[in-house]
Amino acid sequence: VTDRRQVRIGHSVWPLGRHGSAWRLPRVHRILEGDAKFYRDTVQTAERGLFDYLFLGSIEAARLPTSDAQGSETPPSFNAADAARGIGGHTSQDHYWTPNLLYKLESFTTTAYVAALSRNIGLAPTFNTTYHHPFNIARQAATLDHLSGGRAAINIVTGRSDDAARNYGLPESPDTDDRWDRAEEFIQILWSLWDGWEDGWLVNDKERGIYVDPDKIRATNFHGKYFDVAGPINIPPSPQRRPPLIVAGASQRSFEFGAKYADVRFIPFADKQAEYYKTQKDLASMYGRDPESYFLLPGIAFYVDDTSTGAHNRFREVQDLATPAYSAQALGAVLGYDLAPYSEKDRVSVIDLDAIPDAAWLIRKAIEGFGDDNITLGDVDHFVANMPYNQVPVVGSGSEVADWIEENFEDRKLDGVVVFPPYQPGALDAFVDLVIPELQRRGIYRTAYTGSTFREHFSSPTPKAEVPELIDANEAWRRIAAGAAVIDTRQNPFEPLGNAVPVAGGTLAAALQSAGVDSTDRQIVVYCGSIAGSGPAAEKLAAVGYTNISHVDGGYAALKQAQQT
Amino acid sequence: MDDTERQLHLNMFGNWYGNHRAAWRHPNVDPAQVWSLEFNLNVARTAERGLFDAVFLADAPGLGELSPAGGQTRPEPITILSAIAAVTTHLGLAATVSTSYSEPYNTARQIASLDFFSGGRAGWNAVTGSQPSVAPNFGPTAHPEPSARYARGEEFIEIVKALWESWDPDAVIADQKSGVFVDPGKVRNVPYNGEHYQIDALFNVPRSPQGRPMLFHAGSSELGRQQAARHADAIFTAQPTIDVAREYYADLKRRAANFGRRPEDVLVLPGILPIVGSTEAEAKASFAELNALIDIEASIREVARTDGLDVSGLDLDAPVPTCVWEASAATSSFKSRVDALRAKADEANLTAREVIEWDVAAHGHYIVVGTPEQVADDIEHWFTTGAADGFNYKAAQLPDGLEIFVDHVVPLLQRKGIYRKEYTETTLRGHYGVGPGSESVLRGSRPEIAKHRLSRAVCEAS
């Protein structure tokens with residue numbers, strides 16, 4: 001199924017686990033940061049899962065816990081409404097301090113180390129354009145691309161941490177426009193340096209002693225507001241020449257920077273996801289780019305186990321290790337709800353969700369994670385305390401998690417995921433062993449590496465969407481009689497016709513599965529109340545690669561009438 | 001340490017075509033090998049088979065003057081060494097990073113991270129960057145004067161050392177039961193208020209296995225020697241003859257003692273480029289063969305530019321006239337190199353062409369041409385007569401030169417009892433036996449005190 005849109009998967013490496021308390025799991029016997037075996041296992045497991053890339057985040061700052069840590073009562077400034085739109089997160093981390101805020105090994109060093117231990121997987125280190133110089137980054141990224149045979153990408157962040165600023169002699173972080181103006185110059189310089197060596201630069205005439213053709217090597221001579229860079233770089237073009245670019249960020253400037261330049265955008269996954277996704281893609285179109293070549297990947301903390309129950313148990317095990325002491329005031333501030341009358345043992349049902357439209361999704365997420373409607377306020381507090389805004393948990397068996405990915409993938413809320421391991425070791429292995437085969441079975445994930453560079457992993461053919469055929473009711477019945485699968489997309493699928501499988505309450509993917517659709521060329525007939533409902537569903541199926549899709553003019557009523565006559 | 005226990009140190013100088021000027025023209029050298037992961041890893045494996053203390057990568061962040069003959073491309077060292085860390089178990093890994101063109105926080109993080117990944121095998125060669133040609137890559141400020149470069153370098157090194165020391169070894173508690181991860185009292189801010197840096201930094205890498213990754217330096221000038229003697233655990237130096245090498249050696253040990261350091265904690269490692277043949281005649285023929293590949297005109301221009309010795313227009317088959325030596329020494333920004341070349345020319349009665357060849361063939365380092373026995377004897381002679389604690393080994397061309405050296409010269413050094421027969425330590429400091437390293441003056445100091453002590457150090461250096 002080569003022409004079907006494919007899920008992209010990255011893995012963000014967190015030696016202590018992304019969840020702030022996961023280091024307390026009894027089976028973690030040592031700090032894995034810098035541990036040779038941990039990195040070898042990680043890259044090899046991700047490669048076994050045929051992942052597109054390994055992602056190494058970076059922080060240019062350290063945050064120590066306030067006096068009693070590790071459990072303080074400082075009120076949080078987490079804002080649920082912002083988080084729902086994928087903006088912000090914990091702006092004050094005192095209440096939510098975790099060891100992941102304290103330290104992180106440098107990411108170029110890390111990716112170069114694992115380059116020697118892997119063959120196919122892409123490698124994406126992170127750097128902050130505010131605190132690095134483009135000439136140095138150009139050299140490190142190009143060297144990594146050379147050594148890895150074209151597997152490098154760079155993740156650009158501009159940072160907004162005042163802690164980081166002080167590490168570099170600035171009193172505070174430059175403002176957003178300043179940072180992104182600098183990033184704009186940065187990327188122009190990188191590309192100019194990398195483009196400076198034209199093909200044919202290597203003469204290698206040992207006889208005459210001519211190594212390079214100087215005419216093929218151009219200076220950069222960049223003069224900007226932030227940088228003056230002469231060039232040329234002293235590194236010949238690497239396999240990808242310009243290693244691909246990954247971008248994240250919550251500001252409009254960041255959105256525009258990504259839409260203009262980036263290959264991959266690391267995105268939040270929040271309540272208004274489809275809207276967010278579409279905004280980013282539209283922005284890429286506005287800048288004249290093919291939105292299909294701009295990949296939007298949220299970071300997700302996957303808790304996967306053999307069974308749904310096992311996964312939820314694992315989720316609770318980790319949540320229960322959270323250190324901050326319950327604070328009605330802190331949680332109340334996050335949710336926008338007065339929790340003073342209640343204790344941490346009270347059930348979450350004491351909260352009227354209708355009264356907190358901005359924050360209700362957080363509670364729904366917590367209930368989903370625990371897999372239990374009767375969680376307590378203490379549970380919610382633990383959940384919030386350890387939920388950075390862009391790594392919501394997804395909890396379930398392999399097929400449930402694959403359903404989640406497929407549904408959101410088909411609903412155009414994401415182009416893939418960055419797998420965050422909530423705990424270590426084991427979270428990545430569970431994903432690779434239990435979820436990947438499910439994605440492969442559904443035809444939306446590679447079964448072998450077909451390319452050897454980062455860019456090649458992302459450049460499998462863009463699907464050419466077929467226009468679904470509009471048929472009349474009589475033709476529909478002929479096809480149904482000939483064995484077509486029938487999908488009913490009505491909201492209230494009362495008395496389905498022709499053994500149709502209703503979608504309502506489930507996913508299109510699940511419906512296809514129930515209807516026994518096992519190949520993309522199977523005849524599929526979609527109906528709804530009218531073509532206003534069946535059209536988009538049929539188009540969605542065509543877009544993901546199904547080639548024999550039709551939907552019924554006149555919808556359910558016409559089908560019903562044709563059946564009677 | 002008892003003299004009978006004193007062991008020779010060998011450091012592999014990484015320049016992946018080889019260190020002879022014309023190495024890339026050698027028939028066995030593939031121009032792509034520099035950029036190949038497998039090649040890099042194999043060179044490192046061979047060096048580890050030869051029980052080398054470390055592999056070291058020089059660096060310069062710029063192309064310099066573009067010449068058709070030049071193989072001036074340079075991979076970024078930390079990237080290469082991080083990859084090598086993954087496939088080696090003992091070999092030390094020393095990266096050059098310029099204090100003029102990086103940020104202390106970034107450099108401290110990268111080297112400390114390399115120390116983690118390698119289990120304590122990282123080193124940093126702190127250079128100020130003497131090539132004016134790279135400055136425009138970091139413009140618009142022009143290439144600073146040496147004194148300004150060294151003043152910035154001094155601050156840079158102090159900050160990096162202080163960052164490395166800012167986490168106590170027992171700062172991370174990670175008590176799973178209580179949930180207490182870190183003792184905040186054991187992680188200190190590094191406030192610094194200098195001429196070039198005004199920071200208040202909190203480091204985000206815990207205390208690495210070595211605590212202080214080993215510090216290398218390559219200072220030759222007065223300022224460079226002071227900085228080296230003050231901070232470095234080992235010093236790379238280009239000494240074309242044993243006599244100048246002994247002077248340099250004694251001078252550095254004396255300076256280190258003046259800074260209150262044990263002389264044996266500051267190792268002096270001159271470069272050596274051995275051309276090994278099964279007979280002396282064969283070795284000489286190989287050397288001549290390589291020298292014939294040198295582009296002499298381009299080399300004359302390069303020596304004039306980088307070393308300040310200009311022989312253009314002279315009779316290349318006659319000695320360099322005294323007045324040219326004197327004029328060059330007076331105007332060169334790299335006077336120590338001119339002095340060294342002159343000493344070599346006097347000793348071996350070299351023609352101008354040969355001076356250029358000897359200079360560029362090994363970039364001013366000592367060259368020894370002979371049988372494995374002759375090379376091993378020569379190494380022993382330098383080692384036992386106050387000229388070297390070990391060598392920065394420079395293969396003429398790779399991979400052949402290194403293979404021959406490891407297979408034929410290393411066993412002779414072992415037989416002499418001056419070189420290890422197996423690794424007995426696992427860290428870079430352990431291999432070199434240099435102890436924990438010099439403490440940062442910033443440790444536990446208030447910023448103004450640190451600044452005072454620092455400016456005194458800079459004054460002493462100038």
Side-chain angles (χ1 to χ4, degrees), chain A residues 21 23-24 26 31 33-34 36 59-62 64-65 69-71 99 102-106 108-110 112-117 131-133 135-136 139-140 143-144 146-149 163 166-169 202 204 206 209-214 217 228-236 323, chain B residues 24-25 27 31 35 37 40-41 60-63 66-76 78-80 82-87 101-103 105-106 109-110 113-114 116-117 119 136-140 172 174 176 179-182 184 187 197-206 293 295:
Chain A
S21 309
W23 64 274
R24 298 183 63 198
I31 304 304
E33 194 76 63
I59 44 173
E60 275 78 4
L64 281 167
Q70 307 181 59
L102 180 61
Y103 66 82
K104 196 157 181 68
L105 297 190
E106 195 281 323
F108 277 89
T109 325
T110 313
Y113 179 80
V114 296
L117 303 171
Y131 305 117
H132 285 80
H133 193 282
F135 202 87
N136 294 333
R139 295 187 66 223
Q140 292 206 317
T143 304
L144 180 65
H146 273 292
L147 287 191
S148 63
D163 289 344
R166 285 189 286 273
N167 293 332
Y168 296 87
L202 178 64
N204 196 34
K206 294 191 176 187
I210 299 174
Y211 179 73
V212 297
D213 178 354
I217 301 174
D228 275 64
V229 177
I233 193 171
N234 55 353
I235 295 181
T323 45
Chain B
W24 74 271
R25 294 178 69 181
W35 307 99
L37 178 65
N40 278 279
L41 301 187
L63 189 61
L66 191 53
S67 112
Q72 314 104 311
T73 61
R74 276 190 196 283
E76 191 286 316
I78 290 171
T79 315
I80 300 243
S82 301
I84 290 175
V87 302
Y101 304 113
S102 185
E103 285 288 333
Y105 200 80
N106 296 341
R109 287 189 74 205
Q110 292 206 318
S113 297
L114 181 60
F116 266 103
F117 287 118
N137 293 329
F138 300 85
V172 174
Q176 290 178 313
V180 173
F181 188 83
V182 66
V187 181
Y197 298 99
Q198 300 85 36
I199 62 168
D200 187 8
L202 187 58
F203 198 40
N204 66 354
V205 180
L293 297 173
D295 177 344

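Note that the coordinates shown come from a computational prediction; the quantities given were computed from them, not determined experimentally. Residue numbering restarts at 1 for every chain, and letters A, B, ... go by the order of the sequence lines. Atom set for the values below is all heavy atoms of this structure, side chains included, hydrogens, waters and symmetry mates excluded.
- Between the side chain of A:Asn167 and the backbone N or O of B:Leu202, at least one donor-acceptor pair lies under 3.5 Å.
- Here the side chain of A:Asn136 pairs a donor or acceptor atom with the backbone of B:Tyr101 at under 3.5 angstrom.
- Rounded to the nearest 0.5 angstrom, B:Gln110 CD and A:Thr110 OG1 are separated by 9.5 Å.
- If you measure heavy-atom distances from B:Glu103 to chain A, the contacts under 4.5 Å come from the side chain alone.
- A side-chain contact (heavy atoms from CB on, under 4.5 Å) with B:Leu63 holds for exactly one of A:Val212, A:Ile233, A:Ile217; it is A:Ile217.
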Exercise. Run the side-chain contact (heavy atoms from CB on, under 4.5 Å) check on B:Trp24 and A:Asn204 step by step: do they pass?
Worked result: CA-CA 9 Å; B:Trp24 74 271; A:Asn204 196 34; 3.7 Å; yes

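- For the residue pair A:Leu147 and B:Ala83, the shortest heavy atom distance occurs at CD1-CB, 4.1 Å.
- Between A:Pro65 and B:Val182, some side-chain heavy-atom pair lies under the 4.5 Å cut-off.
- Shortest non-hydrogen contact noted between A:Arg24 and B:Gln176 is NE-O, 2.8 Å.
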Exercise. Hey, mind stepping through B:Phe116 and A:Thr109 against side-chain contact (heavy atoms from CB on, under 4.5 Å) and telling me if it holds?
Worked result: CA-CA 10 Å; B:Phe116 266 103; A:Thr109 325; over 6 Å; no

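- A heavy-atom distance below 4.5 Å is found between the side chains of B:Asn106 and A:Tyr168.
- Neither the backbone nor the side chain of B:Ile84 comes within contact range of chain A; no heavy atoms are under 4.5 Å apart.
- No donor-acceptor distance shorter than 3.5 angstrom exists from the side chain of A:Thr143 to the backbone of B:Thr79, with no hydrogens or angles considered.
- Annotation: maximal heavy-atom pairing with chain A below 4.5 Å, among B:Ser82, B:Ala85, B:Ala201, occurs at B:Ser82.
- Both the backbone and the side chain of B:Asn137 have a heavy atom closer than 4.5 Å to some heavy atom of chain A.
- Heavy-atom distances place both the backbone and the side chain of B:Val187 under 4.5 Å from chain A.
- Ranking A:His132, A:Glu60, A:Glu106, A:Arg166 against chain B, the residue ahead of the rest is A:Glu106, based on heavy-atom pairs under 4.5 Å.
- When heavy atoms are compared at a cutoff of 4.5 Å, B:Phe138 approaches chain A by way of both its backbone and its side chain.
- Using a 4.5 Å cut-off between heavy atoms, A:Ile59 contacts chain B through both its backbone and its side chain.
- Taken from OH in A:Tyr131 to OH in B:Tyr105, the straight-line distance is 10.5 Å, to the nearest 0.5 Å.
- The greatest number of non-hydrogen atom pairs below 4.5 Å with chain A, out of B:Asn40, B:Leu293, B:Ile80, B:Val87, is found for B:Ile80.
- For chain A, the nearby part of B:Leu41 is the side chain; its heavy atoms alone come within less than 4.5 Å.
- The residue among B:Gly139, B:Ala86, B:Pro27 with the most heavy atom pairs within less than 4.5 Å of chain A is B:Ala86.
- From B:Glu76, atom CD reaches atom CG of A:Asn234 across 10.0 Å, with rounding to the nearest 0.5 Å.
- Nearest approach of A:Pro236 to B:Trp35, heavy atoms of both residues: CD-CZ2, 3.1 Å.
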For this session: Decide yes or no on side-chain contact (heavy atoms from CB on, under 4.5 Å) for A:Tyr211 and B:Thr73, but give the supporting numbers first.
Result: CA-CA 11 Å; A:Tyr211 179 73; B:Thr73 61; 4.1 Å; yes

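- Remark: B:Leu37 CG to A:Leu144 CG distance equals 10.0 Å, nearest 0.5 Å.
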